[in-house]
Number of protein chains: 2
Amino acid sequence: MFPEVKEKGMAAIPRLVAFTSEHGFVPFLVSATAGTTVYGAFDPLIAIADICKKYKIWMHVDGAWGGGLLMSRKHKWKLNGVERANSVTWNPHKMMGVPLQCSALLVREESVSASLKGLMQSCNQMHASYLFQQDKHYDLSYDTGDKALQCGRHVDVFKLWLMWRAKGTVGFEAHIDKCLELAEYLYNKIKNREGFELVIEGKPQHTNVCFWYVPPSLRNMEDNEERMNRLSKVAPVIKARMMEYGTTMVSYQPLGDKVNFFRMVISNPAAAHQDIDFLIEEIERLGQDL
Amino acid sequence: MFPEVKEKGMAAIPRLVAFTSEHGFVPFLVSATAGTTVYGAFDPLIAIADICKKYKIWMHVDGAWGGGLLMSRKHKWKLNGVERANSVTWNPHKMMGVPLQCSALLVREESVSASLKGLMQSCNQMHASYLFQQDKHYDLSYDTGDKALQCGRHVDVFKLWLMWRAKGTVGFEAHIDKCLELAEYLYNKIKNREGFELVIEGKPQHTNVCFWYVPPSLRNMEDNEERMNRLSKVAPVIKARMMEYGTTMVSYQPLGDKVNFFRMVISNPAAAHQDIDFLIEEIERLGQDL
């Protein structure tokens with residue numbers, strides 16, 4: 001968007017604020033991500049909150065995928081700073097296993113100024129007097145329909161409530177911890193295994209484990225364009241074979257300058273170490289001739 | 001929007017087309033309604049289709065509420081012309097009783113020109129290569145996620161499919177016909193009944209029956225502002241009493257220059273004549289002292 005701003009990462013934010021302000025724009029939002037789709041990476045929320053506070057900018061946290069980690073005493077530190085956000089998105093239907101859809105947009109009405117009281121209502125209300133009569137005999141604040149993007153809708157949060165009643169907070173914590181433990185198990189199994197190459201260094205922050213499988217025919221090749229080209233075709237063929245055999249399924253994608261790699265994401269706490277072992281062996285079985 | 005255009009109803013459309021075109025705008029859409037929320041009224045779709053064809057304007061039909069009448073051989077004529085629309089919205093979760101939500105947007109890709117092929121995809125696709133890989137081994141047209149407004153979502157249409165399998169087309173027809181028969185029964189019961197006043201003349205087109213209950217104290221009053229003022233308070237009080245007694249519930253609203261009136265809508269085919277009788281008597285019981 002702004003090629004003039006050369007800084008990367010956190011350093012880019014104050015530069016972008018300055019640059020856009022100088023050019024007559026009003027920077028109003030920083031959208032941080034807690035758990036990216038591909039890598040499962042977490043932005044440094046405390047540092048972002050400091051910048052947003054300094055420049056009076058709305059801080060949004062997209063915790064659609066990573067928000068579930070708040071249920072775990074072991075992992076919730078990854079979201080430290082989220083409590084300072086003005087708004088947070090969070091999908092209990094992802095990491096927490098609530099059936100599709102169950103998505104929340106949480107807005108802190110009074111974090112910036114008292115004038116934000118009633119914000120959702122003033123953004124969304126359509127004043128449809130044939131739906132929301134103002135002369136009813138009960139407290140009109142229970143008419144939530146006019147505060148939301150949709151009007152008539154399914155009560156998705158009921159699914160979360162039921163699940164919470166059934167599993168309890170400790171149940172959700174065990175669910176999260178188990179999935180992250182399985183991701184770490186996969187990471188440890190493949191980090192030094194012949195034929196496997198990790199896309200990013202270090203232990204995964206979430207349950208995303210991103211890796212290439214390098215078949216024997218490519219292992220001794222120079223790291224050039226031809227190798228990249230051939231490597232990019234490996235994951236699609238292995239996935240196609242997985243689907244034909246019906247044994248397992250792992251998604252893959254390219255990202256930036258990185259050619260097609262596997263992205264194993266674990267969100268089923270009923271999986272076990274032997275499932276991870278099977279996955280690794282299945283990739284080797286289906287990819288060794290490529 | 002355009003006070004210069006004095007025509008009302010159908011005659012307004014060609015005048016609006018001419019007026020906006022003369023002022024440098026491009027009229028592109030007529031949104032007709034098949035079953036309005038309050039009155040359950042149907043726009044004359046054939047006449048609208050003729051105008052849209054003449055001026056090459058996109059014809060949309062909002063059949064959210066009225067679309068279900070297509071299941072009835074007796075009532076579907078009210079939607080004659082809908083087959084010429086470019087797009088139709090239809091909520092099986094309303095008249096057809098499918099659990100919330102089940103909403104469809106039907107788009108005729110080739111009605112205006114062959115270039116509309118792939119329209120939904122070109123409007124909605126985000127090209128997220130990490131979600132919709134283009135090098136998969138199967139027919140990519142099955143990846144419907146990138147053609148829709150939402151990406152990951154609940155398969156709402158499955159509820160309609162199951163219900164259709166269970167009830168059959170004849171079952172839906174019986175459902176629709178029964179509800180409309182009950183609405184007509186209510187209309188016939190109150191049209192000449194003392195204390196009841198219909199908001200619009202004639203048999204209801206859908207199951208909406210709109211009426212005032214006029215308590216004895218207002219029946220001999222002149223039709224002036226004071227009467228309107230007092231009448232406007234009748235429905236809210238009766239509804240509040242209904243809720244307190246827990247016997248029944250009917251919504252009410254004002255519309256345009258018409259003060260609060262009841263809008264009885266029937267969508268439950270398990271209701272019976274005695275339920276309608278009870279409703280009328282309950283309104284009289286709860287409103288006679290007002």
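In the text below, chain A, chain B and the rest are named by the order of the sequence lines, each starting its count at 1.
- Contacts between Asn91(B) and chain A at a heavy-atom distance below 4.5 Å are absent for every atom of the residue.
- For chain A, the option among Asp135(B), Val155(B), Val237(B), Thr37(B) with the highest count of heavy-atom pairs below 4.5 Å is Asp135(B).
- Note that CG of Asp62(A) is 9.5 Å distant from OG1 of Thr36(A), once rounded to the nearest 0.5 Å.
- Note: Tyr213(B) and Phe196(B) meet the aromatic proximity criterion, with ring centroids under 6.0 Å apart.
- Outside the 6.0 Å centre-distance limit, the rings of Phe211(B) and Phe261(B) are not counted as a close aromatic pair.
- Residues His60(B) and Ser31(B) have side chains that never bring a donor and an acceptor to within less than 3.5 angstrom of each other.
- The stretch residues 202-212 of chain A participates, sequence neighbours left out, in these side-chain hydrogen bond (donor to acceptor under 3.5 Å, both in side chains) pairs: Trp65(A)-Asn208(A).
- With chain A as partner, the option from Lys239(B), His93(B), Gln101(B) having the largest number of non-hydrogen pairs under 4.5 angstrom is Gln101(B).
- Judged by the 6.0 Å and 45° rule, Arg263(B) forms no cation-pi pair with Tyr39(B).
- Close approach to chain A, defined as a heavy atom under 4.5 Å from one of its heavy atoms, is seen in Tyr252(B), Gln253(B), Pro254(B) of residues 246-257 of chain B, taken by number.
- Across all non-hydrogen atoms, the minimal contact from Pro269(B) to Cys179(B) is N-SG, 3.7 Å.
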